[in-house]
Amino acid sequence: MSEEVSITWHGHACFTLDMGKKIVVDPFINDNPAAKIKRDDIKADVVAVTHGHYDHVADAVYIAKKNNAPIVAIFELGNLLQEEDKDVQIIGMNMSGTTTVEGIQITAVPATHSSGYGEKYGGNPMGFIFGDGIKVYHAGDTGVFKDMELIQELYKPDISLLPIGGFFTMGPDEATYAAGILKSKVIIPMHYNTFDAIKQDAQEFKKKVEAAHKAKVFVPTVEEEIRFDRKTLQSL
Ligand code: NI
Ligand code: MN
């Protein structure tokens with residue numbers, strides 16, 4: 001059970017969560033205009049992919065292979081990634097399923113979005129809950145939806161990573177509403193400013209959320225590492 005997590009944002013929806021083991025979520029590095037490192041610089045014990053769109057899965061197989069790490073994804077997307085490389089280890093799961101990989105508990109939760117993998121159907125899009133001590137919710141690409149209430153009731157995420165870019169996902173207003181549903185102590189915005197279509201002011205989002213809810217918004221810069229333990233979370 002991890003009572004400590006460090007979170008490093010690589011730009012867009014890509015994060016490294018270190019809970020004793022390193023989970024790399026939605027690896028999009030080499031073609032990511034916001035990235036400051038290369039995919040060869042990424043260390044991973046587990047790779048988790050929320051859905052099949054290129055800006056989430058681009059470097060998944062490469063990083064998984066290089067680090068000898070399994071990829072956690074929805075079943076259908078897992079099969080497609082397996083076709084790409086028969087040696088990559090795939091953990092293909094589905095909604096409300098939980099798996100424990102490298103000692104890290106990972107639960108799949110719904111997201112309202114679409115998911116093609118190239119021209120192929122990539123299974124449904126998902127979000128993830130990581131950890132069984134401190135819990136981190138990575139929402140994936142999603143609009144706001146009322147069943148975020150279930151995510152709150154069942155998993156009580158301490159930290160929520162929410163898209164705020166709009167156009168493809170929630171914008172700041174919807175994400176502010178989502179923060180109210182999720183009741184996480186910490187909100188971290190993602191999936192914004194990578195491209196022109198998703199330009200947003202994260203500081204405005206922070207003001208909005210903190211005025212409306214009992215949550216603290218952290219706006220990391222790319223490659224800044226933020227650490228949380230139980231004590232810091234309780235003091236917020
Ligand atoms: Ni997407
Ligand atoms: Mn996306």
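What you are looking at is a predicted structure, and each value in this text was computed from that prediction instead of being measured. If you read the sequence from its start, that first residue is 1, and numbering goes on from there. The basis for the numbers below is simple: all heavy atoms, side chains too, and nothing from hydrogens, waters or symmetry mates. Every number for a ligand or one of its atoms is a count from 1 in the order of the listing.
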Quick one: CD1 on I7 to NE2 on H138, what's the gap to the nearest 0.5 Å?
10.0 Å
Which class fits the ring pair F128 and F130: parallel under 30°, tilted 30 to 60°, perpendicular over 60°?
tilted
Determine the interplanar angle of the F168 and H191 rings, folded into 0 to 90°, and report it as parallel if under 30°, tilted if 30 to 60°, perpendicular if over 60°.
perpendicular
Please state whether the separation between the Mn ion (ligand 2) and some N/O/S atom of H51 is under 2.8 Å?
no
Between the Mn ion (ligand 2) and H12, is there an N, O or S atom separated by less than 2.8 Å?
no
So does H56 have any N/O/S atom less than 2.8 Å away from the Ni ion (ligand 1)?
no
Could you tell me whether any N, O or S atom belonging to D141 is less than 2.8 Å from the Ni ion (ligand 1)?
yes
Donor-acceptor under 3.5 Å (S160 side chain, Y137 main chain):
no
Rounded to the nearest 10 degrees, what's the angle OD2 of D141 makes with OD2 of D55 at the Mn ion (ligand 2)? Could you check?
170°
State whether D173 and K208 are salt-bridged, where the test is any N-O pair (Lys NZ or Arg NE/NH1/NH2 against Asp/Glu carboxylate O) under 4.0 Å.
yes
Looking at H53, the N, O or S atom sitting nearest the Ni ion (ligand 1) is ND1
